[in-house]
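Letters A, B, ... mirror the listed sequences (proteins, then strands); counts begin at 1.
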Protein chains: 2
Amino acid sequence: MVTNNLKMLVNCVLNKYYMIFEELEAAIRNGKYPPDTILPSENELAEQYNTSRETIRKALNILSQKGYIQKLRGKGSLVLDLEKLQFPISGLVSFKELADKMGHSSVTIIERFLNTQPSSLLQKEMQLKKEDSIWEVFRVREINQERIILDKDYIVQKYVPGLTEEICRNSIFDYIEKELNLKISFAKKEFTVEEPTEEDYNLLDLEGFHSIVVVKNYIYFENATLFQFTESRHRPDKFRFVDFARRNEA
Amino acid sequence: MVTNNLKMLVNCVLNKYYMIFEELEAAIRNGKYPPDTILPSENELAEQYNTSRETIRKALNILSQKGYIQKLRGKGSLVLDLEKLQFPISGLVSFKELADKMGHSSVTIIERFLNTQPSSLLQKEMQLKKEDSIWEVFRVREINQERIILDKDYIVQKYVPGLTEEICRNSIFDYIEKELNLKISFAKKEFTVEEPTEEDYNLLDLEGFHSIVVVKNYIYFENATLFQFTESRHRPDKFRFVDFARRNEA
DNA sequence: AAGTGGTCTAGACCACAGC
DNA sequence: CTGTGGTCTAGACCACTTC
């Protein structure tokens, strides 16, 4: 607990450009900088935040990548309309974080929680040895009394020790980042549409649906080790993925 | 034609950091820097390319965002396995560019090409006036003799004049960027799954399929004007979207 | 101790908008 | 012409990994 607070303190002090990004993001979200207006210039911001222009530019670049602003040379940084671009909750976000943001009342039901050896398929997909044991966690997400999503997580035990059912009922990402102090860094995601399996029909409310949206996630730590594979199976009517993309991400 | 070549020449000369990114990308793709090896250090690269370290870092950051490398502090930049992370063709890419990259033999059939007034729905979605006329282009993408994708494009005429059927048979993006010299900058994308419409059944080979993947694209120029709305309707069995995401894009 | 990437700075020159 | 963002530089200090 103490170490957590310490960590948060350090995080607050560290990374000037990221703090500035967060402040500007909040200011845009709460309407201090409304859509279709121009932010203060980079030089002005550098003065305001008592920093150099390059540091301001790092903060602005994050805003730009996330779709908050569009830079117009010779003019300034235009605030984009978040309503129109509708919260691109892309990136690498857990269900818990998403549900919190959306203000949904959601229930998580643990359908399976066990420690086992990986199947040969999983060994190949995660490049594991036979001996490596894994946590196998199946969770059903219920929204408005309907079973909408089935999350099948496979987590390498040696990297994420001490997992419990209680943790899975809340947020595995929270546990990894806040308790174990490990840094989740990147993921490869793959979206496909498949026929529902017997398992899908048993665990989800699929009356009248003939397909299921499958999102496979390969999730890596900062040191580039693959620690988790997640297969997320969504009822198609409730699935919606919004992304913001730049043509030349620079 | 002459202006085009001039422009390309300028583009080749400009942007040192982007050129370095492209060289490194090519070097990784062609195996000069194999997976699980470490790139030359930032200082070494700065010397090699006769530039400053910050410029090298900009190039490396693009590689990192696109999933080519993972930076490890104290160690170096690790080359990630592209096979494992399988060409994340995300971002903002046209069908033509994608088909070219994959080496697919694809055919594009123009089902509709006309200049018209926007429907009231489209007026709202694209924030147009009644008077603004638009190009309405429906294209079916055929792969291996099967009609897989229906692309419905709505393009604001005043921003993209002179469109022809011939251009649509090739690449509209090419025309906009190379002929009109306009810069496509960013897009909001939205993925959903829907019931096929009568139109889908008429224009695509959908025997035995009960759903369709809908990708809506709102595409903007560099000056933040919305010039194109595209609805891309995919047969579910052939749809696959791969993305690379970083948790804190910095 | 040496080398690595991560951050930050102060200054320079450029291309572009707008007056 | 002035102010804007876009690029590039040279140098500094830090935290981390490795020996």
Side-chain angles (χ1 to χ4, degrees), chain A residues 6-7 10-22 24 37-65 68-79 181-183 185 221-225 246 248-250, chain B residues 6-7 10-22 24 37-65 68-79 181-183 185 221-225 246 248-250:
Chain A
L6 199 65
K7 178 117 202 178
V10 170
N11 275 335
C12 286
V13 172
L14 240 43
N15 266 44
K16 194 184 271 197
Y17 73 89
Y18 201 80
M19 283 171 53
I20 295 172
F21 154 70
E22 283 178 332
L24 291 173
T37 62
I38 299 284
L39 287 185
S41 77
E42 296 179 352
N43 285 317
E44 283 172 325
L45 288 171
E47 253 190 76
Q48 278 181 35
Y49 285 95
N50 193 28
T51 185
S52 71
R53 202 182 135 215
E54 281 290 352
T55 299
I56 293 295
R57 283 178 58 72
K58 278 189 189 167
L60 293 182
N61 279 337
I62 304 176
L63 286 173
S64 168
Q65 276 173 25
Y68 286 103
I69 62 169
Q70 174 73 357
K71 296 190 168 201
L72 307 173
R73 69 159 64 182
K75 286 196 191 168
S77 296
L78 179 70
V79 179
N181 278 326
L182 298 170
K183 291 208 178 126
S185 181
F221 285 133
E222 218 175 19
N223 63 359
T225 58
R246 288 198 171 268
N248 282 314
E249 344 182 13
Chain B
L6 200 64
K7 178 120 202 172
V10 170
N11 276 335
C12 286
V13 172
L14 241 42
N15 268 43
K16 193 185 274 197
Y17 73 89
Y18 201 80
M19 284 171 53
I20 295 172
F21 153 69
E22 283 178 332
L24 291 173
T37 62
I38 298 284
L39 288 186
S41 77
E42 296 179 350
N43 285 318
E44 282 173 326
L45 287 171
E47 253 191 75
Q48 279 181 34
Y49 285 95
N50 192 29
T51 185
S52 70
R53 202 182 137 215
E54 282 289 355
T55 299
I56 293 296
R57 283 177 59 71
K58 277 190 191 167
L60 293 182
N61 280 336
I62 304 176
L63 287 173
S64 168
Q65 276 172 27
Y68 287 104
I69 62 170
Q70 174 73 358
K71 296 189 168 203
L72 306 174
R73 72 160 63 186
K75 287 196 190 167
S77 295
L78 179 72
V79 180
N181 277 325
L182 298 170
K183 291 207 178 127
S185 181
F221 285 133
E222 218 175 20
N223 63 1
T225 58
R246 289 198 171 268
N248 284 313
E249 343 181 15

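D:dT4 atom P lies 11 Å from atom CD1 of A:Ile38, rounded to whole Å. As a whole-Å value, the separation of A:Leu45 CG from D:dG5 C1' is 12 Å. Taking atom NZ on B:Lys58 and atom P on C:dG5, their separation rounds to 18 Å, with Å as the unit. When rounded to the nearest whole Å, the span between NZ of B:Lys71 and C1' of D:dT17 equals 16 Å. Between A:Met19 atom CE and C:dC8 atom C1' the separation is 14 Å, expressed in whole Å. Straight-line distance from the CG atom of A:Asn61 to the P atom of D:dG5: 12 Å, rounded to whole Å. One atom, NZ of B:Lys16, and another, C1' of C:dA12, lie 14 Å apart when rounded to the nearest Å. Between the CZ atom of A:Arg57 and the C1' atom of C:dA10 there is a distance of 15 Å, rounded to whole Å.
Here A:Thr51 reaches the OP1 or OP2 of C:dT9: one of its side-chain N or O atoms lies under 4.0 Å away. Put simply, B:Tyr17 has a side-chain N or O that comes within less than 4.0 Å of OP1 or OP2 on D:dT7. Look at B:Thr55 and you'll find a side-chain N or O under 4.0 angstrom from OP1 or OP2 of D:dT9. One finds a side-chain N or O of A:Asn15 lying less than 4.0 angstrom from the OP1 or OP2 phosphate oxygen of C:dT7. Contact annotation: B:Lys75 side-chain N/O to D:dC16 OP1/OP2 distance is not under 4.0 Å. Contact annotation: B:Ser41 side-chain N/O to C:dT4 OP1/OP2 distance is under 4.0 Å.
Across all strands shown, D:dT18 forms a Watson-Crick or G-U wobble pair, both distances under 3.5 Å, with C:dA1. Nucleotide D:dT2 forms no Watson-Crick or G-U wobble pair with any nucleotide shown, as no partner meets the under 3.5 Å limit on both distances.
In this structure, the nucleotide among C:dT9, C:dG5, D:dG5 sitting nearest to the side chain of B:Arg73 is C:dG5. Listed nucleotides C:dT7, C:dG6, C:dT4 differ in distance to B:Glu42; the shortest reach to its side chain belongs to C:dG6. Comparing atom distances between the A:Arg53 side chain and each of C:dC8, D:dG5, C:dG6 picks out D:dG5 as nearest.
The closest side-chain heavy-atom distance from B:Ile62 to B:Tyr17 is below 4.5 Å. At a threshold of 4.5 Å between non-hydrogen side-chain atoms, the residues B:Glu42 and B:Lys71 count as touching. Between B:Leu39 and B:Leu60 there is a side-chain heavy-atom pair separated by less than 4.5 Å. In this structure, the side chains of B:Leu45 and B:Ile20 stay at 4.5 Å or more apart for every pair of heavy atoms.
There is no side-chain donor-acceptor pair under 3.5 Å between B:Asn43 and B:Ser41.
Across all strands shown, B:Leu60 has no heavy atoms under 4.0 Å from either base or sugar-phosphate atoms.
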